[in-house]
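Written below as structure tokens is the structure these notes are about.
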Amino acid sequence: MDPISTKPQGECNVSIKLEMGFGSDEHAYECYNEYAASIGFSVRKEYANKNRVQGYVTSTKFTCYKEGYRNRDKRDSIVKKHRKETRAGCLAHIIISHQSNGVFHITLFEDKHNYPLVDPTLSYLLSSQRKIKVVQAYELDLLDDSGIRPKASFEYAACQAGGQSFLGYTKRDHKNYLRDKRQKSLKHGVGRSLVNYFEKRSLEDPAFQFSYS
């Protein structure tokens, strides 16, 4: 995660239009996602085509998160409680294409949505708008290592940001981040303990051998 976006081509603001240029497909996503936040929808990547020889991206399609419909599950007939349908067949999207000068241009742009958009003041709750940045993660690590409880550290982070709507992630994201951090820490701790045990065994018993690989 990088909290500072590099924007070598074009300006990242709420204006999106045909032939708009970007220095990379990541920058195009950032701008389309910012545009999405300003009017109340979330973004996802539908596909990315690549040059088969050199491997660089030749074109990418970013769509509204309500594009298409969920595939029918074969288990639907036996499931008692079905998941809520979140897609609506929305056609809003952009397609960017790689040009000979290395710049990506918007070659197709559909801005019409077929459902009521979210109030922009609530856009921070949408999936593509939620992201814990590097600086925020560092602060959360410090609070967690200091023994601050998740609820208190979330409230502190929201206060520092000027309110939860400016934080960029939700309380659930906060809890999930700390959970994943602890799971990784536990995994590495168990691994280190095993290595220490094997090293001790090898010193006590010359016949005992092990390898890190």
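Computed from a prediction, not measured in an experiment: that's the story for all the values here. Any value given below was found using the heavy atoms of this structure, including those in side chains, with hydrogens, waters and symmetry copies removed.
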Residue pair Ile106 / Phe22, side-chain heavy-atom distance below 4.5 Å: yes

For Ser153 against Leu178, the heavy-atom pair lying closest together: OG-CD1, 4.5 Å

Any pair counted as side-chain hydrogen bond (donor to acceptor under 3.5 Å, both in side chains), so long as it reaches residues 161-170, sequence neighbours left out: Thr170-Asp173

Separation between CZ of Arg44 and OG of Ser42, rounded to the nearest 0.5 Å: 9.5 Å

Mutual orientation of the aromatic rings belonging to Phe41 and His113 [parallel < 30°, tilted 30-60°, perpendicular > 60°]: tilted

Electrostatic pair Asp145:Lys181 at N-O distance under 4.0 angstrom: yes

Heavy-atom pair with the smallest gap, counting every atom of Pro150 and His174: O-NE2, 3.2 Å

OH/Tyr47: more than 12 non-hydrogen atoms of other groups inside 6.0 Å: yes

Donor-acceptor pair, side chain of Gln129 and main chain of Leu126, under 3.5 angstrom: no

Val53 to Asn51 - nearest heavy-atom pair and separation: N-OD1, 2.8 Å

Tyr35 with Ile94, same ILVMFWY side-chain cluster at under 4.5 Å: yes

Thr60 to Ala48 - nearest heavy-atom pair and separation: OG1-CB, 3.8 Å

Flag if over 12 foreign heavy atoms under 6.0 Å of CG, Leu91: no

Arg149 CZ to Leu143 CG distance, which is reported to the nearest 0.5 Å: 14.0 Å

Pairwise distance OG(Ser127) to CG(Asn33) - rounded to 0.5 angstrom: 8.5 Å

Shortest non-hydrogen contact between Thr107 and Ser97, atoms and distance: OG1-OG, 3.3 Å

Single-linkage hydrophobic cluster, 4.5 Å side-chain cutoff, Leu122 and Val43 together: yes

Candidate pair Ile148 and Tyr156, rule side-chain contact (heavy atoms from CB on, under 4.5 Å), full reasoning: CA-CA 10 Å; Ile148 306 300; Tyr156 173 81; over 6 Å; no

Donor + acceptor pair across side chains of Tyr56, Asp25 (<3.5 Å): no

Phe104 and Val57: CA distance, side-chain angles, deciding distance, side-chain contact (heavy atoms from CB on, under 4.5 Å) verdict: CA-CA 10 Å; Phe104 285 88; Val57 174; 4.1 Å; yes

Interatomic distance, Ser15 atom OG to Met20 atom CE [nearest 0.5 angstrom]: 6.0 Å

Between Ser59 and Asn49: side-chain donor-acceptor atoms closer than 3.5 Å: yes

Tyr115, OH atom: more than 12 neighbouring heavy atoms under 6.0 Å: yes

More than 12 heavy atoms of other groups within 6.0 Å of Arg87 CZ: yes

Spacing of His93 atom NE2 and Ile95 atom CD1 [to the nearest 0.5 Å]: 4.5 Å

Shortest non-hydrogen separation from Tyr65 to Val118 and the atoms involved: OH-CG2, 4.4 Å

Any side-chain heavy-atom pair of Leu167 and Phe154 under 4.5 Å: yes

Residues which pass ring-ring contact (aromatic ring centres under 6.0 Å, His included) with Phe109, listed by chain and number, not counting sequence neighbours: none

Lys45 NZ to Phe62 CZ distance, which is reported to the nearest 0.5 Å: 5.5 Å

Pairwise side-chain contact, Leu108 with Lys61, heavy-atom cut-off 4.5 Å (strictly under): no

